[in-house]
Student: 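Sharing a structure below in structure tokens format, with a few things to ask.
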Amino acid sequence: MSNALIPNALLDFAGLPRFADFSPSLVAPAIDELLTQARESVEAASRASTPATWEGFVAPLEDATERLSRAWGVVGHLNGVADTPELRAAYNENLPKITQFWTELGQNRALYEKYRALREAADYATLSAARRRAIELALQAFRLGGVELESPQRERFMEISERQAAVGQKFSENVLDATDAFALYVEDEAQLDGLPQDVKQAARALAQADGKPGYKLTLHMPSYLPAMQYATSQALREALYRAYSTRASSAAAAPAEAEKKLAMDNAPLIDELLTLRTEEAKLLGYANFAEVSLVPKMAESPAQVMEFLRDLAARARPFAQRDIAELNTFAADELGLNDLQAWDVAFASERLKEKRYSFSDQEVKQYFQLPRVLEGLFGLIERLFDVRIRDDVAQTWHPDVRFYRIERGFELVGQFYIDLYARNAKRPGAWMDDARGRRRLPLGLQTPVAYLTCNFQPPVNGKPATLTHDDVITLFHEFGHGLHHMLTRVDDLAVSGISGVEWDAVELPSQFMENFCWEWDNVSAMSAHVDTGKPLPRALFDKMLAAKNFQSGMQTLRQIEFALFDMRLHAHYLPGGATSVQALLDEVRREVAVLIPPAFNRFQNSFSHIFAGGYAAGYYSYKWAEVLSADAYAAFEEAGAAPEPAAHLTETGRRFLDEILAVGGSRPAIESFRAFRGREPKLDALLRHNGMVEQTA
């Protein structure tokens with residue numbers, strides 16, 4: 001029987017996901033069958049008669065759980081990029097079953113003892129480093145999964161896990177629904193004064209699709225951000241800012257119906273999640289959830305993280321204060337904005353940047369056609385890592401999705417889907433996720449497959465889609481995650497690619513790749529004006545480079561504000577105590593921010609990273625890993641400045657591949673960094689790259 005004839009596409013693991021054959025009705029029967037198989041495998045692995053060896057119980061267990069993970073991964077991916085009422089219902093119906101299985105597995109003492117026996121066996125030292133690392137991580141996961149709890153704490157831990165999964169999913173749905181629910185229809189084109197022409201064209205197309213006259217502005221980033229940067233109407237900017245900053249809250253600007261607004265308010269979900277996380281930590285014997293979160297990370301304690309963040313804030317503050325003083329003066333003197341409001345900041349900043357550096361983001365955007373940018377990105381990767389990227393064929397979930405393969409010589413290394421345009425029913429933001437991990441099987445090598453997702457402005461009026469330079473950076477960032485997943489050479493699933501990599505190191509390859517968006521050779525190669533085809537002029541690039549660290553002090557403090565709020569929330573906040581979530585956020589802002597949002601702002605209600613995205617007590621990872629990534633990229637800067645730079649750059653690229661990307665999670669990230677750089681990481685490169693070094697005369 002051919003693979004295509006397997007009636008339930010979610011049960012076909014012979015190749016790539018069969019998206020064209022998917023329907024929500026397939027989810028429940030597939031998940032039920034896979035859960036049955038997985039539980040049978042767990043039971044067999046747990047028997048006393050099953051040998052406590054890798055081949056005896058680890059590999060068979062991995063077979064069954066991987067099938068379940070891959071099928072559920074397809075469902076979860078589609079839930080994020082092609083949400084429908086039917087799919088959402090199927091996802092939410094099966095989420096408790098999935099959560100229950102993994103919680104039960106984490107509390108399986110027989111398996112825990114099997115792993116401990118494997119760890120203590122005489123031949124443990126003969127296992128590969130990757131397998132020893134996988135065993136250590138499995139034991140750690142068992143302990144964090146509550147394996148040592150007794151009844152009734154075991155049962156309560158399972159209830160907490162299931163409820164957290166459901167609440168986190170509802171939080172994410174509320175953000176998506178609140179984003180999709182808002183629309184601002186503008187019939188008078190004069191109200192859109194200042195908006196770039198392509199943004200107006202896209203707004204007109206959206207209105208026409210709704211059967212409305214005029215233009216439609218939304219809270220999706222390709223519509224929202226240009227309006228905040230360029231619209232001269234302060235009233236328009238204020239309306240959009242209020243809507244965006246109050247999404248999924250009781251103060252939301254949309255929808256108008258009180259019942260819908262209440263149903264989409266994430267404030268109660270935040271309180272419940274924090275209460276559940278605190279209880280989970282107490283059950284596991286930790287003082288707070290931040291301590292639990294840091295167990296599998298590089299950072300040693302919440303205090304260490306907060307010291308790191310506050311030290312970085314102290315270094316950034318003088319630059320941030322200078323940034324805001326300049327902006328206030330410019331806004332008052334040049335724009336007549338004597339009292340700069342939150343909805344004026346992006347507009348005034350863009351005007352200041354245009355005046356100081358004599359260019360605009362919109363001018364630059366015309367040079368970055370998406371097809372040409374991809375070509376440039378692929379060419380860079382091919383040169384750095386000695387691979388080739390080619391078009392490939394696969395079923396997809398939307399006509400805009402493209403599929404590619406990475407080869408080395410004639411060998412398939414990995415494959416990836418890219419879904420780059422914003423649309424309704426697609427979760428905001430940008431991310432990489434794995435569709436399949438690398439694994440050595442009896443019949444051969446299973447190669448990795450990745451999903452790369454962004455939310456850029458789609459093409460309008462028959463022209464190719466164009467990207468802002470920030471969009472280009474976002475694309476390179478997500479592709480760095482993809483490279484980490486796809487260029488691994490580790491053959492054991494638990495530690496291949498991004499699996500097993502500490503959360504606060506997983507951003508190293510992604511942030512590393514961003515640096516190449518500032519190299520003239522790369523930028524020149526991937527630029528071509530959408531109308532004339534001419535490459536980006538060197539003079540314009542030099543202006544971009546001069547503006548690279550424009551307001552970097554303010555931007556750094558903004559990220560520290562989010563990270564410190566996250567860590568304090570999970571280390572110090574007491575659910576139901578005297579201090580509210582909002583009050584804690586206000587306190588953090590008073591400590592580190594130079595821009596304080598208006599009182600109605602409800603940023604936390606759409607902070608999906610920490611309430612629905614796995615970054616709880618981990619948002620600091622972006623800054624933590626940026627120290628590593630900036631220092632890693634400095635090795636390439638040093639190679640480029642050396643005699644015979646081409647040879648040195650080739651060698652540096654090979655070492656980055658060998659010591660960082662290829663090893664995946666098979667060893668601690670700090671060991672990989674030391675192997676690449678030959679020393680401990682330093683903060684210097686991060687400060688220099690962000691322009692936060694005082695210039696001497």
Student: Among all residues two or more places apart in sequence or in another chain, which pass the ring pair (Phe, Tyr, Trp, His ring centres under 6.0 Å) test with Tyr451?
Tutor: His77, Trp397, Tyr417
Student: So, does Lys282 use its side chain to make a donor-acceptor pair with the main chain of Ala287 at under 3.5 Å?
Tutor: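 The answer is yes, because a donor-acceptor pair under 3.5 Å joins these two groups.
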Student: How far apart are the C-alpha atoms of Phe611 and Leu569, what are their side-chain angles, what is the distance that settles it, and do they pass the side chain to side chain contact (heavy atoms under 4.5 Å, CB included) test?
Tutor: CA-CA 11 Å; Phe611 295 121; Leu569 197 63; 3.6 Å; yes
Student: Side chains of His477 and Gln511: does their closest heavy-atom pair fall under 4.5 Å?
Tutor: yes
Student: Of the non-hydrogen atoms in Leu149 and Leu283, which two are nearest, and what is the gap between them?
Tutor: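 Heavy-atom minimum between the residues: CD2-O, 3.1 Å.
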Student: Thinking salt bridges, do Glu637 and Arg688 make one under a 4.0 Å N-O criterion?
Tutor: yes
Student: Can a salt bridge be assigned to the pair Arg654 and Asp658 using a cut-off of 4.0 Å between side-chain N and carboxylate O?
Tutor: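 Salt bridge between Arg654 and Asp658, a charged N being under 4.0 Å from a carboxylate O: yes.
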Student: Specify the closest pair of heavy atoms between Glu155 and Ser151, including all atoms of both residues, with the distance to one decimal.
Tutor: OE2-OG, 2.9 Å
Student: Do any N or O atoms from the side chain of Thr99 and from the backbone of Glu162 form a donor-acceptor pair under 3.5 angstrom?
Tutor: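 No, because the side chain of Thr99 does not come within donor-acceptor range (under 3.5 Å) of the backbone of Glu162.
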Student: What salt bridge (Lys or Arg N to Asp or Glu O under 4.0 Å) pairs are there with at least one residue in residues 608-629, not counting sequence neighbours?
Tutor: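 Passing the test, one end in residues 608-629: Lys623-Glu626.
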Student: Measure the spacing between CG of Asn174 and OG of Ser606 and express it to the nearest 0.5 Å.
Tutor: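 So the CG of Asn174 and the OG of Ser606 are separated by 11.0 Å.
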Student: Without swapping roles, check the side chain of Asp566 against the backbone of Ala617 for a donor-acceptor pair under 3.5 Å.
Tutor: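 Here the side-chain-to-backbone pair exists.
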Student: Considering residues at least two apart in sequence or located in another chain, which fulfil the salt bridge (charged side-chain N to carboxylate O under 4.0 Å, His left out) criterion with Asp492?
Tutor: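 Scan of Asp492 (salt bridge (charged side-chain N to carboxylate O under 4.0 Å, His left out), adjacent residues dropped) gives Arg131.
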Student: Atom OG1 in Thr453, atom CH2 in Trp431: separation rounded to 0.5 Å?
Tutor: 5.0 Å
Student: Can a donor-acceptor pair be found between the side chains of Gln169 and Glu173 at a distance below 3.5 Å?
Tutor: yes
Student: Answer whether the closest heavy-atom distance between the side chains of Met158 and Arg154 falls below 4.5 Å.
Tutor: no
Student: Nearest heavy-atom pair of Ala616 and Ser293: which atoms, and what distance?
Tutor: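 Looking at all heavy atoms of both residues, the closest pair is O-OG, 2.9 Å.
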Student: For residues 658-686, which residue pairs qualify under ring pair (Phe, Tyr, Trp, His ring centres under 6.0 Å), counting only residues two or more places apart or in two chains?
Tutor: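 Listed once each, the pairs are Phe656-Phe676.
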Student: Between Val175 and Ser608, what is the shortest heavy-atom contact and its length?
Tutor: CG2-OG, 3.7 Å
Student: Between Ser552 and Asn690, is there a donor-acceptor pair closer than 3.5 Å when you use the side chain of the first and the backbone of the second?
Tutor: yes
Student: Return yes if a side-chain donor-acceptor contact under 3.5 Å exists between Gln559 and Tyr619, otherwise no.
Tutor: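 There is such a pair between these side chains.
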Student: Measure the CG-CD1 distance between Leu68 and Ile98 for me, rounded to the nearest 0.5 Å.
Tutor: 4.5 Å
Student: Salt bridge check, Glu280 against Arg163: does any charged N sit closer than 4.0 Å to a carboxylate O?
Tutor: no
Student: Using salt bridge (charged side-chain N to carboxylate O under 4.0 Å, His left out) as the criterion, list what pairs up with Glu300, not counting sequence neighbours.
Tutor: none
Student: Passes salt bridge (Lys or Arg N to Asp or Glu O under 4.0 Å), Arg67 versus Asp63? Steps please.
Tutor: CA-CA 7 Å; Arg67 288 194 295 271; Asp63 287 338; 5.5 Å; no
Student: Excluding sequence neighbours, so at least two apart, what forms ring pair (Phe, Tyr, Trp, His ring centres under 6.0 Å) with Trp503?
Tutor: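 Checked Trp503 against ring pair (Phe, Tyr, Trp, His ring centres under 6.0 Å); matches are Tyr615.
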Student: Trp72: what forms a ring pair (Phe, Tyr, Trp, His ring centres under 6.0 Å) with it, not counting sequence neighbours?
Tutor: Tyr91
Student: Is it true that Glu148 and Arg143 make a salt bridge, defined as a side-chain N closer than 4.0 Å to a carboxylate O?
Tutor: no
Student: Quick one: does any side-chain atom of Tyr620 pair with a main-chain N or O of Met306 as donor and acceptor, under 3.5 Å?
Tutor: no
Student: Please check: side-chain N/O of Lys548 versus main-chain N/O of His689, any donor-acceptor pairing under 3.5 Å?
Tutor: yes
Student: Between Asp631 (side chain only) and Lys682 (backbone N and O only), is there a donor and an acceptor less than 3.5 Å apart?
Tutor: yes
Student: Enumerate the ring pair (Phe, Tyr, Trp, His ring centres under 6.0 Å) contacts for residues 288-315, please, sequence neighbours excluded, ordered by first and then second residue.
Tutor: Phe289-His570, Phe308-Trp624
Student: Does Cys454 offer a backbone N or O that forms a donor-acceptor pair with the side chain of Lys426 under 3.5 Å?
Tutor: yes
Student: So, taking the atom named CG in Leu144 and the one named CG in Leu284, what distance separates them when rounded to the nearest 0.5 Å?
Tutor: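 One finds 6.5 Å between CG of Leu144 and CG of Leu284.
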Student: Quick one, Arg315 with Leu686, criterion side chain to side chain contact (heavy atoms under 4.5 Å, CB included). Give me CA distance, side-chain angles, the key distance, then yes/no.
Tutor: CA-CA 11 Å; Arg315 294 169 186 258; Leu686 171 63; over 6 Å; no
Student: One thing to verify: whether Arg590 and Asp586 come together as a salt bridge, which I'm taking to mean a side-chain N less than 4.0 angstrom from a carboxylate O.
Tutor: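 No salt bridge links Asp586 with Arg590.
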Student: For a quick test of reading the model, state the closest non-hydrogen atom pair linking Val627 to Pro681 and the distance between them.
Tutor: CG1-CB, 4.5 Å
Student: Name all residues meeting the ring pair (Phe, Tyr, Trp, His ring centres under 6.0 Å) criterion together with Phe603; count only those two or more places apart in sequence or in a different chain, and write none if there are none.
Tutor: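 Once residues adjacent in sequence are excluded, the partners of Phe603 under the ring pair (Phe, Tyr, Trp, His ring centres under 6.0 Å) criterion are Phe562, Phe607.
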Student: Which residues satisfy the salt bridge (charged side-chain N to carboxylate O under 4.0 Å, His left out) test with Glu514, sequence neighbours excluded?
Tutor: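 By the salt bridge (charged side-chain N to carboxylate O under 4.0 Å, His left out) rule, Glu514 matches no residue at all.
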Student: Can you find a side-chain donor-acceptor pair between Arg439 and Ser496 that sits under 3.5 Å?
Tutor: no
Student: Walk me through whether Arg317 and Glu591 qualify under salt bridge (Lys or Arg N to Asp or Glu O under 4.0 Å).
Tutor: CA-CA 11 Å; Arg317 175 164 291 279; Glu591 178 184 354; over 6 Å; no
Student: Look up atom CZ in Arg436 and atom CG in Asp434, then write down how far apart they are to the nearest 0.5 Å.
Tutor: 11.0 Å
Student: Working to the nearest 0.5 angstrom, can you tell me the gap between Tyr573 OH and Arg277 CZ?
Tutor: 12.5 Å
Student: Tell me the salt bridge (Lys or Arg N to Asp or Glu O under 4.0 Å) pairs involving residues 500-511, sequence neighbours left out?
Tutor: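 Only Arg133-Glu502 qualify under salt bridge (Lys or Arg N to Asp or Glu O under 4.0 Å).
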Student: For the CD atom on Gln153, are there more than 12 heavy atoms of other groups (residues, nucleotides or ligands in this structure) within a distance under 6.0 Å?
Tutor: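 Counting neighbours around CD of Gln153, more than 12 heavy atoms of other residues, nucleotides or ligands fall under 6.0 Å, so yes.
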Student: Side chain to side chain contact (heavy atoms under 4.5 Å, CB included), that's the test. Do Leu487 and Leu657 meet it? Break it down for me.
Tutor: CA-CA 8 Å; Leu487 297 188; Leu657 172 62; 3.9 Å; yes
Student: Between His481 and His485, is the gap from one ring center to the other below 6.0 Å?
Tutor: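 Centroid distance His481-His485: not below 6.0 Å, so no.
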Student: Where the side chain of Arg438 meets the backbone of Val490, is there a donor-acceptor pair that is under 3.5 Å apart?
Tutor: yes
Student: Which residue pairs pass the salt bridge (Lys or Arg N to Asp or Glu O under 4.0 Å) test when at least one of the two sits in residues 99-112, sequence neighbours left out?
Tutor: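 For residues 99-112, and leaving out neighbouring residues, the salt bridge (Lys or Arg N to Asp or Glu O under 4.0 Å) pairs sorted by first residue read Arg39-Glu104, Arg109-Glu150.
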Student: Tell me if a side-chain donor or acceptor on Asn549 pairs with a main-chain N or O of Met692 at a distance below 3.5 Å.
Tutor: no
Student: Verify side chain to side chain donor-acceptor pair (under 3.5 Å) between Arg247 and Thr179, making sure each step is shown before the conclusion.
Tutor: CA-CA 7 Å; Arg247 285 178 302 160; Thr179 303; 3.0 Å; yes
